[in-house]
Amino acid sequence: MRSRFLLALFLLFSTSCLYCKKKESLPTILQEENNGNPDQTPDDSLNTPNGTLFKDMIGVNGFDWEYTQNNSTELDNNKIELIKTFSSFRQYLDWEKIEPEEGSFNLGHYDKIYNKNFELKITTLLCLQIIPSWMRRSYPEYNESDPFSSLRDYTPVRYGADKSSPASYIQMAKVAFQFAARYGSNTNIDKSLIKAPSYEQGSYKIGLNTLKYLECSNEPDKNWRGPNAQQTPEQYAAQLSAFYDGHMGTLGANVGAKTADPNIKVVMAGLADPDPEFVRKMINWCKINRVKNGKYTLCFDVINYHQYSNENMKKGKAPELTNVGSVAADFVKMSKEDANGAEVWVTECGFDVNPSSPQRAIAIGNKSTRDTQADWSLRTSLLYARKGIKRTFFFMLNDVNINDATQYSSSGLVESGKRRPAADFLLQAKNLMGEYTYQKTISTDPIVDLYTSGNSKIYVLTIPDQKDRKANYTIILDIGIQEVTIYNPLAGAESMISKKVAVNDKLVINVTETPTFVKVN
């Protein structure tokens, strides 16, 4: 099983943001530092409730076999316990696994996983990626003996196809239809359009209502794989238009996710280069190419990008000391201005624990690399909630190889079947205030965020630094408050350490680089 696990991870390693050349190609702006100062977003953007539910900041990336027993589709309860740490799961799925030969679909392997996530209220995001071998064979450079070839990352079209035409992406858009038909909410579908597995002939499954989101490819702007793998914003918009609704229904009755289930949400592929201008160009393409009755429609429901917090790819860096906050604010602003306020998600972020990785969390004071990974992961969730990002997914559940210094190889949140401190901290925060929503930021240094749920308030206090800095802060409480509960994250536990403290309308508290939570009822 372990060898199968590492093999499959290697497949991802060669195609997603794991690839070691990726960050060498990013623009300088992504590696800018903040001169050691916390991100200073204008006060007006920090004092407006944005409706972000904190539990939606606790997502993770992974694979289907991280749910199952060896070489089977049976769920593994021990693995499920680890996945219950998170509120969302982004599943990397190679296209060929569900369509091994063109037109021959086999989706049933995922019924139990999606149903279990639905039962546990874990949101599943299916990320469909990697062109299948039957499509790769159309390319003259295809080599059957090289399964890890870069052809896997090619744009999902046949050789010679026009990457600017939605019709060129019809094969992948048909997969979207089949997924949405089976796992979406629509039970009124022409069953003659369903391509069920052979063992289900005569008993087709549709409208299982366990999947709410489909993501169309992964990192279409990957310039490190060459021109056959990279798409312009306009080319990717053409692909997305086919995937979304069969390019407004023009490609056939069995093409596009929305064609099967109008309620399913299509998530654009996470961008490797987090630049809002890429999305703006996609929107401009829609204004020209998706016009009906004098009005245009977008071909996505969710905007999506990736960003990792680091210091010029030399080592990881505390999220507040980099530009990840300002990039998030730029995406949210763009969405409000140009995309009808579509949700913005960050589906890859995180930190390594290998001491030689250029994406490593650093040891600080008496804290180990794993301890800092915990601090920075929790602070990343808090930062994105503060900025109005609607979902955050960490990369990823398990390590590729903890002994490998390549970036993202040791960024797992579980290890040897147990949670790392980072997963402990995220679980504890989710348990404490998962149902709370962000309201405002009262202070930027130390950072003091206010979350509410009904009449209950939680203040979250953090020193936005990476040098073991501490400071006192006075919280001014509502008149009449006589007691609060202070919570501190604890590695190796499911719940934080807590203590009740008597107060008299205010609380003086010592703030550290590990977030502290103060609950007021």
Side-chain angles (χ1 to χ4, degrees), residues 64 89-91 93-115 117-118 123-129 131-132 135 156-157 166-218 236-269 286 290 292 297-302 304 342-343:
D64 52 276
F89 189 90
R90 180 174 182 245
Q91 175 200 3
L93 179 60
D94 288 7
W95 176 355
E96 189 162 357
K97 291 186 70 176
I98 56 168
E99 192 179 7
E101 298 296 335
E102 186 174 7
S104 176
F105 291 90
N106 190 4
L107 276 63
H109 294 314
Y110 307 103
D111 291 1
K112 292 180 182 178
I113 292 173
Y114 300 157
N115 187 63
N117 279 353
F118 185 78
T123 297
T124 304
L125 171 59
L126 167 66
C127 177
L128 187 66
Q129 61 166 11
I131 68 171
M135 183 173 284
V157 297
S168 297
Y169 301 93
I170 191 169
Q171 286 82 14
M172 191 176 192
K174 287 181 177 180
V175 181
F177 178 92
Q178 296 297 326
F179 252 104
R182 187 180 186 95
Y183 298 112
S185 61
N186 185 13
T187 58
N188 187 26
I189 300 174
D190 181 354
K191 291 188 176 181
S192 69
L193 302 175
I194 305 302
K195 301 294 185 182
S198 58
Y199 54 82
E200 286 185 0
Q201 297 302 320
S203 59
Y204 302 150
K205 293 182 179 180
I206 60 172
L208 296 177
N209 197 29
T210 53
L211 202 60
K212 305 298 183 184
Y213 298 98
L214 293 178
E215 182 179 352
C216 178
S217 293
N218 189 39
Y236 179 63
Q239 175 187 342
L240 200 52
S241 186
F243 189 96
Y244 188 79
D245 59 2
H247 191 50
M248 302 180 296
T250 62
L251 298 180
N254 63 338
V255 182
K258 295 280 189 177
T259 309
D261 180 13
N263 296 320
I264 206 159
K265 303 293 186 183
V266 173
V267 181
M268 65 167 282
C286 292
R290 287 183 56 85
K292 191 174 183 179
T297 55
L298 298 178
C299 52
F300 56 85
D301 299 300
V302 177
N304 180 16
E343 290 190 0

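Worth knowing before you read on, the calculation uses all heavy atoms, side chains too, and leaves out hydrogens, waters and symmetry mates.
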*Asks:* Just to verify, what does Leu240 make a side-chain contact (heavy atoms from CB on, under 4.5 Å) with, not counting sequence neighbours?
*Replies:*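 Leu240 satisfies side-chain contact (heavy atoms from CB on, under 4.5 Å) with Cys216, Tyr236, Val266, Met268, Met282, Cys299, Phe300 only.
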*Asks:* Looking at OH of Tyr244 and OG1 of Thr297, how far apart are the two atoms once the value is rounded to the nearest 0.5 Å?
*Replies:*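 These two atoms lie 7.0 Å from each other.
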*Asks:* Kindly compute the distance separating CD1 (Ile264) from CG (Asn209), expressed to the nearest 0.5 Å.
*Replies:*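 With rounding to 0.5 Å, CD1 (Ile264) is 9.5 Å from CG (Asn209).
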*Asks:* What residues, two or more places apart in sequence or in another chain, satisfy ring-ring contact (aromatic ring centres under 6.0 Å, His included) together with Phe177?
*Replies:*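 For Phe177, no residue satisfies ring-ring contact (aromatic ring centres under 6.0 Å, His included) once neighbours in sequence are set aside.
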*Asks:* Which residues pass the side-chain hydrogen bond (donor to acceptor under 3.5 Å, both in side chains) test with Asn106, not counting sequence neighbours?
*Replies:*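 For Asn106, the residues satisfying side-chain hydrogen bond (donor to acceptor under 3.5 Å, both in side chains) (neighbours in sequence not counted) are His109, Tyr199.
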*Asks:* Taking atom types as modelled and ignoring hydrogens, do the side chains of Asn218 and Arg90 form a donor-acceptor contact shorter than 3.5 angstrom?
*Replies:*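 Side-chain D/A pair, Asn218 to Arg90: present.
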*Asks:* Suppose the criterion is salt bridge (Lys or Arg N to Asp or Glu O under 4.0 Å): which pairs have a residue in residues 244-254, not counting sequence neighbours?
*Replies:*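 Residue pairs with at least one partner in residues 244-254: Asp245-Arg290.
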*Asks:* Identify, with sequence neighbours excluded, every residue that meets side-chain contact (heavy atoms from CB on, under 4.5 Å) alongside Ala242.
*Replies:*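 Per chain and number, Ala242 pairs via side-chain contact (heavy atoms from CB on, under 4.5 Å) with Pro166, Tyr169, Ala173, Leu251.
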*Asks:* What residue pairs, at least two apart or across chains, pass salt bridge (Lys or Arg N to Asp or Glu O under 4.0 Å) with a residue in residues 248-257?
*Replies:*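 Pairs touching residues 248-257 that pass the test: none.
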*Asks:* Which pairs, with at least one residue in residues 171-183 and sequence neighbours excluded, count as a salt bridge (Lys or Arg N to Asp or Glu O under 4.0 Å)?
*Replies:*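 Pairs touching residues 171-183 that pass the test: Asp111-Arg182, Arg182-Glu200.
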*Asks:* Is the backbone N or O of Leu107 less than 3.5 Å from a side-chain atom of Tyr183, with the two atoms forming a donor-acceptor pair by type?
*Replies:*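 Yes, the answer is positive, given that a donor and an acceptor are paired below the 3.5 Å cut-off.
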*Asks:* Which residues satisfy the side-chain contact (heavy atoms from CB on, under 4.5 Å) test with Glu102, sequence neighbours excluded?
*Replies:*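 Per chain and number, Glu102 pairs via side-chain contact (heavy atoms from CB on, under 4.5 Å) with Glu99, Trp134, Arg158, Gln171.
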*Asks:* Of the non-hydrogen atoms in Lys191 and Ile206, which two are nearest, and what is the gap between them?
*Replies:*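 Nearest pair, atom of Lys191 first, then Ile206: CE-CD1, 4.0 Å.
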*Asks:* Check Ile98 against Leu93 and note the closest heavy-atom contact, atom names and distance.
*Replies:*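 So the two residues come closest at CG2-CD2, 4.0 Å.
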*Asks:* Any heavy-atom pair between the side chains of Ile194 and Ile189 that's under 4.5 Å?
*Replies:*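 The answer is yes, as the side chains (C-beta and beyond) meet within the 4.5 Å cut-off.
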*Asks:* May I have all residue pairs that pass side chain to side chain donor-acceptor pair (under 3.5 Å) and include part of residues 258-268, sequence neighbours excluded?
*Replies:*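 Of all non-adjacent pairs touching residues 258-268, those that pass side chain to side chain donor-acceptor pair (under 3.5 Å) are Ser185-Asp261, Ser185-Asn263, Lys258-Asp301.
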*Asks:* Within a strict 4.5 Å, meaning less than it, do heavy atoms of the Leu214 and Phe243 side chains meet?
*Replies:*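 Yes. Closest side-chain heavy atoms under 4.5 Å.
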*Asks:* Can you sort out the partners of Gln178 under side-chain hydrogen bond (donor to acceptor under 3.5 Å, both in side chains), two or more places apart, ordered by chain and number?
*Replies:*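 side-chain hydrogen bond (donor to acceptor under 3.5 Å, both in side chains) list for Gln178, sorted by chain: empty.
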*Asks:* Do Tyr114 and Leu126 come within less than 4.5 Å of each other through their side chains, counting heavy atoms only?
*Replies:*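 SC-SC contact between Tyr114 and Leu126 confirmed.
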*Asks:* Give a yes or no on whether the backbone of Glu96 and the side-chain of Asp94 come within a donor-acceptor separation of less than 3.5 Å.
*Replies:*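 Here the side-chain-to-backbone pair does not exist.
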*Asks:* What is the minimum heavy-atom distance between Pro156 and Met135, and which atoms define it?
*Replies:*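 Shortest heavy-atom separation between Pro156 and Met135 comes out as C-SD, 3.6 Å.
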*Asks:* Quick one: side-chain contact (heavy atoms from CB on, under 4.5 Å) partners of Thr123, sequence neighbours excluded?
*Replies:*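 Checked Thr123 against side-chain contact (heavy atoms from CB on, under 4.5 Å); matches are Ser88, Tyr213, Arg391.
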*Asks:* I need the Ile170 CD1 to His247 NE2 distance, nearest 0.5 Å.
*Replies:*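 Those atoms lie 12.0 Å apart.
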*Asks:* What is the minimum heavy-atom distance between Ser217 and Ala269, and which atoms define it?
*Replies:*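 So the two residues come closest at O-CB, 3.2 Å.
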